[in-house]
Each structure stands twice: as C-alpha cells, then as structure tokens.
Amino acid sequence: MASHPQGPAPVSRDTSGVSTGGESSAEEKLRASNTLLRAISAAQADFIRGGEPRDILHRLLAGVLELTGSTSGVIGEVLDCPGTPPSLHLLASVPREEDGTTWELTVTRDAPAREPGTPRAVVEAVFTSGAPVQGRDPGARHTFLGLPLESGGERVGLVALTQRPGGYDAGLIDFLQPFLTTCGDLIAGERNERRRRRAEQELRQKQEASAERVRLLAERLRLMMDSVQDGLWDLDMTTGRVFANRAWVGMLGYDEGELEPTRDSWMSLCHPEDANGSEQLVQEHIRGAIPFVEREQRLRRKDGGWSWVLTRARVVTSDEQGRPLRMVGTNVDITTQKLTEERLRSLIRTLPDIVLRQRADGTYVDYHAPRPEDLAVPANALIGSNMRQAPFPKTLIDKMFMHLGRAIREGTLEVFDYALEMPEGREYFEARIRRSGPDEAVSIVRNITEQKLSEARLLQQEEELRRHRDSLEELVRNRSEKLLKATIELEEQQAQLIQAEKMASLGQMAAGVAHEINNPVSYVMSNLGTLDQYVSSLSPLLQLQRELVSNPGVASAELLERMAELWKQEEVDYLLSDMPELIEESLAGTRRIKEIAQSLRSFAREDTGEPQLVDVNTEMASALKIVWNELKYKCEVKRDFGPLPPVSCHATQIGQVFTNLLQNAAHAIETRGEIRIRTRQEGSEVVVEIADTGKGMTQETISKLFTPFFTTKPRGQGTGLGLSVSYGIIAKHKGRIDVQSQPGQGSTFIIRLPAAQR
C-alpha cells in the first residue's frame with residue numbers, strides 16, 4: 001500500500017544503489033553524497049551559463065536513478081491555472097521518449113486504494129496528498145517514491161522514482177533533499193524566465209505589433225525610440241543601467257554617448273529642489289499607491305541652464321515577490337509651455353476678475369481672486385469645496401450647474417448674468433464658463449455693477465436724447481428737402497454746363513469736321529462722274545449684245561465685227577479693270593463719312609443713362625476721328641494702345657475728356673510737332689497718357705489749369721471750361737488727372753480710371 005513516511009524505515013541495502021539504513025558505511029554515504037553534490041553543482045553551473053533546463057534536469061534525473069538504483073522516473077512542472085484542469089508538464093523522464101508531454105492530473109479526496117504502478121499514478125498521488133508518497137514494503141511487486149518540488153514556498157513540480165530493488169524509505173528522501181531543492185529552483189527559474197520572456201513579448205507586441213524575437217526587438221526598439229521626438233528611456237532597476245534614445249539626451253544639448261547610462265548619472269542632472277519629490281513619487285508607485293509616475297521637474301542642460309521636463313514612467317516588469325525589475329518612461333520638453341504658463345499666470349494676476357477652475361460635479365480645484373473678500377467662500381477653504389456649499393440661492397446654483405454641464409458637455413462658451421445681495425447692497429455679476437478639460441471648466445466672474453448702473457443712466461440719457469432727436473429730425477427733414485432740391489438743381493446745371501461745353505467744342509470743330517467730310521464727298525462724287533462716263537461708253541456695246549442675245553440664230557459676221565470695233569474703240573478692257581477700284585474708293589469714302597457722323601452723334605448726345613462697361617482704347621480711337629482734321633496738318637500722332645480691362649463709365653463723357661485733351665495738345669503745338677498716346681494697365685487702374693511736344697506750361701499756369709473759365713488762349717477762342725469739365729468728369733468716375741509740364745518741353749496729361757470689378 002502507498003503510505004506517507006512516518007519515520008526511519010528498516011535498514012536495507014542494494015548493490016546497485018546507495019544504502020538506505022544505518023548499517024551502511026559512512027564512507028559509502030559520503031561518496032554518494034559527493035557524487036550527487038557534484039552533479040548538482042555541474043547542473044547549476046550549466047544553468048547559469050545558459051544551458052537548456054530540460055537537458056540539465058535529464059542529466060540530474062539519470063544521475064539520481066543511478067545513485068538510487070531506480071529503473072525509471074520523471075521530473076515535471078505543475079501547471080495549475082484557474083479555469084483549466086491541473087496538469088504536469090514533463091521536463092525529464094526515463095525512458096526519454098516521454099519528454100515534453102503533459103499529463104492531466106486527477107485529484108482525488110483520499111489516497112489511492114492500491115499501490116501506484118506507473119510514474120503517472122505516483123505523481124497523481126503526490127499531487128493529491130501534497131506530501132511525499134513511497135512504497136515501503138521491500139517485497140512489494142512495485143516500488144515507488146513521489147516527491148513534491150518547491151521553491152520559495154510554492155509547489156512548482158513533482159518527481160517520481162520507481163522500481164528500486166528494496167523499496168524507498170525516509171533516509172533516501174533526506175539524501176535526495178539537495179536534488180529536490182535544485183530541481184525546484186531550476187523549474188522556478190525557468191518559470192520566471194518564461195514569465196519574463198512573456199512580459200517582454202507583450203511589451204514588444206504593444207510597441208512594435210510584431211512577433212520578432214527578443215534580439216531583433218531591442219534593435220527595432222532603439223530605432224523606434226530614436227525616431228520619436230519625445231525622450232524615451234528604459235531603466236534596469238536591478239543594475240541601474242539606463243537605455244535612452246537620442247531625443248532624451250538631445251533635449252538637454254548632449255550628444256549620444258556623452259552621458260554615462262546609469263541612474264545615478266541621470267539623477268545628478270535633476271534640480272536639487274525636484275530630486276526628493278521625484279524619488280518619493282517613484283517609491284509611491286512601487287508601493288502601488290499611484291498607478292504611474294508623472295512629474296514636472298527641472299533638468300540641467302549641457303550649457304548649464306535648466307529645462308522643464310514632464311516625466312511619465314511606470315514599472316513594467318517585476319519578479320515573483322513583486323520587486324520591480326524594469327521601469328520605462330518618457331520625457332517631454334515643456335520649457336516653452338512652462339514659460340507660456342508663467343506668462344499666462346502673470347496675465348491672470350493682472351485681471352480684475354475672479355477666475356475659478358472646477359470639476360463637473362462643482363468641486364473647486366483652483367482659483368484666482370484679486371480681492372479674496374469678494375469670494376463667497378473663505379479663500380483658505382475654497383479649494384476642495386463644492387459649489388453647492390456656497391451661500392447662493394438654490395435657483396442660482398441650479399442655473400450655474402446647468403451652464404457648467406453644458407460647457408463641459410458641448411464645449412460651448414456659456415455667458416450669463418446674476419445678482420447678489422451684498423453687505424454694500426445689490427451687486428451684479430457676469431459669469432463666462434468655458435471647458436478646460438474632459439471633466440472640468442474655467443469660470444471668469446466679473447463684477448458688472450458699475451456697468452449695470454451705467455446702462456441704467458445711459459437708458460435715461462437715451463430717453464432724453466430721443467425726445468431731442470424727434471424735434472431735430474423734423475428740422476433736419478425740412479432742411480434735407482431743401483438741400484435735395486438744391487442738389488438736383490445743381491446737378492441739372494452741371495449737366496447743362498457739360499453739354500454746353502461739349503457743344504462749344506463741337507462748334508469749334510464744326511469747320512474742321514465739315515472739311516473732313518468734304519474730302520471723301522469730293523472724291524466719291526468724282527468717282528461717280530467717271531463711272532457715269534464708263535457706263536455711257538459701254539451702252540452701245542451692250543445694245544449690240546442685246547441684239548445678239550435676242551436673235552442667236554441670225555448672228556452675222558457684220559454684227560460681230562461692229563462689236564469688236566466698239567470694244568477696241570471704247571477701251572473696254574481698261575474700263576473693266578478701273579471700275580472695281582473706283583467703286584472700292586467710293587465705298588471707303590462713304591464709310592469715312594459714316595464714321596465721322598457716328599462719332600459726332602456719340603460726342604454730341606447727352607449722357608443720362610447708367611454707366612456701362614467701356615473699352616477705353618475704342619473711345620480714344622473715336623475721339624481721334626473727331627479731331628483728326630485739327631491734328632493731321634501739324635501733328636504726327638503715335639499710338640501705343642496696350643490691352644486694357646473694361647471701365648465702368650459714361651462713354652460720351654470719357655470721349656469728351658479725350659477730345660478736350662487732344663484739342664489742347666494740338667493747340668499747344670504752334671507749327672509742327674508730335675502727339676503720343678499710350679494706354680496701359682497698372683494694378684487695378686487703367687492709365688491713359690496724352691503727351692505733346694508743344695510749348696509747355698509754367699507751374700503757375702498748372703496751378704490754375706482746372707479752374708473754371710481759366711484759359712491761356714486769346715479772347716474769343718476758348719471758354720475756359722474744357723479742362724474744368726474734364727476734371728469733374730474724371731473725379732465723378734473716381735479717377736484722377738495729373739499734369740507734367742515745363743515751358744518749351746511739352747506737356748503730359750495722365751488719366752487714371754479704376755478698372756471694372758469682374
């Protein structure tokens with residue numbers, strides 16, 4: 001029967017193994033113990049050198065089987081995870097073919113009713129009892145020994161030895177204690193190593209989302225850490241060694257490798273006022289008081305200055321006893337942010353308003369009050385108190401919570417007014433609430449009592465002003481009607497003046513225009529007379545042709561001879577070649593007459609319609625046609641028309657300006673000269689330049705040039721209104737006229753008009 005050891009077993013000895021009783025010689029026991037200890041030492045050294053735990057355990061098991069004279073045995077790791085049946089994972093076995101398999105363990109309430117006959121039955125008996133199980137009867141058919149393996153007070157595995165001649169006893173169990181301890185430690189070490197590798201694998205999957213092996217992960221992690229802008233670091237808390245990316249040392253101005261990668265070296269960079277607080281937070285995190293470390297601290301740069309850094313860190317790997325092994329973290333340079341915050345605090349300190357920061361539940365977490373006595377709650381008790389504890393009416397508190405919740409929930413700016421009865425009397429306040437975080441908002445409270453009083457006074461003043469305004473409006477209405485009437489009359493007079501000046505200019509041009517029309521009329525009449533002669537010469541020949549066409553069958557040689565004679569006599573070939581040219585010249589003359597008539601009609605008509613889009617180049621060409629008779633005898637006109645956008649204007653008024661300037665240019669040239677006309681676009685303006693080589697003007701003349709009725713022409717030859725009217729027309733079209741002139745060097749008039757908006 002299987003039984004638990006109760007004391008020393010009877011003395012027995014087997015020639016194939018170690019003695020198990022008191023009759024064994026001390027020399028044999030010492031030799032066996034030394035052999036076992038040497039095997040254990042070799043196994044431990046092999047494990048430290050990185051040997052495979054399975055091979056090490058197999059060699060230990062083979063040595064123990066030889067020392068004890070057992071024929072078979074197993075060493076396995078107990079796997080007892082919640083939610084799954086317990087099992088034994090074989091790490092070493094004899095015979096070897098069973099290595100790597102897993103046995104599901106059946107847990108029974110009582111010890112087995114019969115002796116275990118196999119190593120599997122032995123380990124199930126040990127797992128059930130939790131204590132060593134042995135076959136004590138030397139004459140039993142099956143002998144066995146099952147022992148638990150423990151490490152750090154935890155059962156980590158089981159050992160089973162079977163078929164030892166002479167059986168197993170308590171003395172053998174004592175002999176095997178170093179072996180059991182070593183196996184337990186090896187299994188626990190391998191288990192911890194698996195846990196460590198599993199933790200590193202999980203970290204690797206989170207950081208790289210890949211199944212790379214540990215050796216490749218370190219390189220990829222370095223590349224990743226060097227590529228981010230934030231400082232990343234990994235601290236081995238057992239050795240104090242630190243790995244950091246380039247950004248960590250770069251933010252302090254150091255080059256990679258310039259700082260010793262140790263915790264002490266890095267702690268020396270921390271500001272003395274911040275070091276103790278940082279270490280305290282780390283210890284609180286290790287104790288589990290806080291989930292992670294978050295600290296704003298100052299670190300010394302290479303240039304000796306200080307940078308504000310936000311450090312976030314947490315322990316990612318711990319041992320079986322919960323001691324931290326690795327801590328990872330990030331460092332973010334917040335120097336600029338801290339400077340900004342300091343400026344913001346300085347700005348807030350200058351505000352005359354109360355600034356409150358509170359959570360969604362109404363708890364105050366921070367405040368700024370220029371006058372603490374203005375707070376509804378004493379300043380030393382405000383932080384941590386709740387808005388519902390304030391001495392406000394319930395309706396006001398509900399209103400505040402409504403706006404606070406909406407500002408945090410929807411991100412809107414909530415603005416509302418309220419009134420409070422204060423010791424000095426009733427006062428008014430305005431609150432502005434804006435969300436400042438996922439679960440908090442900032443409120444700015446301003447005392448607007450003076451504003452309310454000012455508004456009341458303003459309303460009273462407005463009422464008084466309204467009464468005065470009503471009386472003034474009637475007076476203004478009457479005067480406006482008179483002013484409107486006068487304005488209409490003035491506009492009518494101005495239009496009449498423009499039309500009169502236009503007609504005066506037209507009258508001055510009448511003789512020249514008549515001469516201009518007379519030229520084409522003369523050669524049209526001359527050409528028509530010639531054509532009349534040609535028709536008279538062709539009439540006899542056409543009569544003979546009619547006779548020939550009327551009687552085609554009776555054509556005689558005499559008739560054809562007469563036609564040939566007439567053809568030669570009247571020089572018909574010449575007439576036929578000259579007639580198209582006469583007709584073309586006559587048509588050109590009539591077209592010239594038509595153009596002059598149209599230009600005169602456009603120039604003379606009154607401009608009473610709305611402004612239209614006009615091509616300035618076209619209007620300039622039309623003006624040249626009108627005044628051409630005055631220009632062609634003593635002026636050489638040079639044109640340089642550039643592409644122009646349209647101008648919104650009254651075409652006839654712009655044409656009148658061009659006509660006036662061209663006439664003045666012609667009058668300024670006494671004998672023979674040149675007029676240059678150039679058009680171009682400059683930005684959003686259309687520019688027209690009319691320059692002449694005339695006698696020029698003095699500065700005194702230029703200063704009076706646009707004065708009504710001022711003229712430099714002899715009495716009776718000018719009205720003095722041309723340039724004055726032109727100036728008014730250009731100003732009316734939101735343009736301007738500039739003059740450049742010197743005596744004896746000619747004059748240049750520059751007109752600028754705004755281009756039409758597209």
Side-chain angles (χ1 to χ4, degrees), residues 490-492 494-506 509 594-628 630-631 635 637-666 675-692 702 705-706 708 721-741 747-758:
L490 183 60
E491 290 178 350
E492 291 177 351
Q494 184 179 12
Q496 293 173 2
L497 182 61
I498 293 174
Q499 186 65 17
E501 197 279 333
K502 185 190 302 182
M503 297 308 295
S505 298
L506 188 61
M509 294 187 297
K594 182 179 179 181
E595 290 175 357
I596 295 173
Q598 287 179 342
S599 298
L600 286 173
R601 185 168 63 249
S602 299
F603 180 78
R605 71 171 181 267
E606 293 189 27
D607 230 334
T608 57
E610 294 294 326
Q612 297 178 346
L613 294 180
V614 173
D615 183 359
V616 171
N617 287 337
T618 301
E619 294 303 318
M620 177 60 74
S622 178
L624 280 170
K625 291 176 183 178
I626 295 175
V627 300
W628 182 245
E630 296 188 33
L631 304 180
C635 302
V637 178
K638 293 186 178 181
R639 309 185 190 190
D640 181 9
F641 289 179
L644 300 177
V647 172
S648 177
C649 64
H650 295 278
T652 59
Q653 294 184 11
I654 296 299
Q656 182 177 352
V657 173
F658 293 161
T659 301
N660 289 340
L661 295 179
L662 289 171
Q663 283 183 322
N664 288 345
I675 295 178
R676 298 180 300 276
I677 303 173
R678 181 187 176 200
T679 63
R680 65 183 183 276
Q681 180 182 3
E682 289 184 359
S684 60
E685 291 183 330
V686 170
V687 181
V688 179
E689 290 185 4
I690 301 176
D692 62 68
I702 293 175
L705 199 59
F706 299 109
L721 293 174
L723 289 177
S724 175
V725 169
S726 298
Y727 185 89
I729 291 173
I730 298 301
K732 179 180 178 182
H733 287 83
K734 296 181 172 54
R736 63 184 186 275
I737 300 180
D738 297 323
V739 183
Q740 299 174 358
S741 181
S747 302
T748 300
F749 285 79
I750 304 172
I751 301 173
R752 298 179 184 272
L753 292 170
Q757 298 296 325
R758 301 256 178 180

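Numbering of residues begins at 1 and proceeds along the displayed sequence. This one's a predicted model, so the numbers in the text were calculated from it and none came from an experiment.
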Worksheet item: Between Ser747 and Ser741, which heavy-atom pair has the shortest distance, and what is it?
Response: OG-OG, 2.7 Å
Practice prompt. Measure the spacing between CG of Leu644 and OG1 of Thr618 and express it to the nearest 0.5 Å.
Written response: 9.5 Å
Fill in: Residues which pass side chain to side chain contact (heavy atoms under 4.5 Å, CB included) with Ser648, listed by chain and number, not counting sequence neighbours
Pro611, Leu613, Ala756
Worksheet entry | Any residue meeting side chain to side chain donor-acceptor pair (under 3.5 Å) with Gln740, in chain and number order, not counting sequence neighbours | none
Practice prompt. Kindly give the heavy-atom pair with the smallest separation between Ile675 and Cys635, and that separation in Å.
Written response: CD1-SG, 3.9 Å
Practice prompt. Check whether any side-chain heavy atom of Val616 lies under 4.5 Å from a side-chain heavy atom of Glu619, and answer yes or no.
Written response: no
Item to complete: For Lys638, check side chain to side chain donor-acceptor pair (under 3.5 Å) against everything at least two apart and list the hits.
Response: Glu674
Worksheet item: What are the two closest non-hydrogen atoms of Ser726 and Ile737, and how far apart are they?
Response: O-CD1, 4.0 Å
Worksheet item: Any side-chain heavy-atom pair from Asp692 and Asn664 closer than 4.5 angstrom?
Response: no
Fill in: Residues forming a side chain to side chain donor-acceptor pair (under 3.5 Å) with Thr679, sequence neighbours excluded
Asn617
Item to complete: Mind checking the CD1-CD spacing from Ile729 to Gln653? Nearest 0.5 Å is all I need.
Response: 5.0 Å
Worksheet entry | By side chain to side chain donor-acceptor pair (under 3.5 Å) - contacts of Asp738 (at least two apart) | none
Worksheet item: Hey, is CD on Gln681 packed in by over 12 heavy atoms from elsewhere, all under 6.0 Å?
Response: yes
Discussion item. Closer than 3.5 angstrom, by distance alone: can the side chain of His733 be matched with the main-chain N or O of His650 as a donor-acceptor pair?
Written reply: yes
Fill in: Any Leu624 side-chain heavy atom under 4.5 Å of Ile677 side chain
yes
Worksheet, complete the sentence: Taken to the nearest 0.5 Å, the spacing of Phe749 CZ from Asn660 CG works out to 10.5 Å
Worksheet item: Going from CZ on Phe641 to CG on Asp615, what distance comes out if it is rounded to the nearest 0.5 angstrom?
Response: 9.5 Å
Item to complete: Output the distance between atom OG1 (Thr748) and atom CZ (Arg678), rounded to the nearest 0.5 Å.
Response: 11.0 Å
Worksheet item: Which residues satisfy the side chain to side chain contact (heavy atoms under 4.5 Å, CB included) test with Val687, sequence neighbours excluded?
Response: Arg680, Glu682, Glu689, Ile750, Arg752
Fill in: For Ile751 against Phe658, the heavy-atom pair lying closest together
CD1-CE2, 3.9 Å
Discussion item. With rounding to the nearest 0.5 angstrom, report the CG to CZ distance, Leu753 to Arg736.
Written reply: 10.0 Å
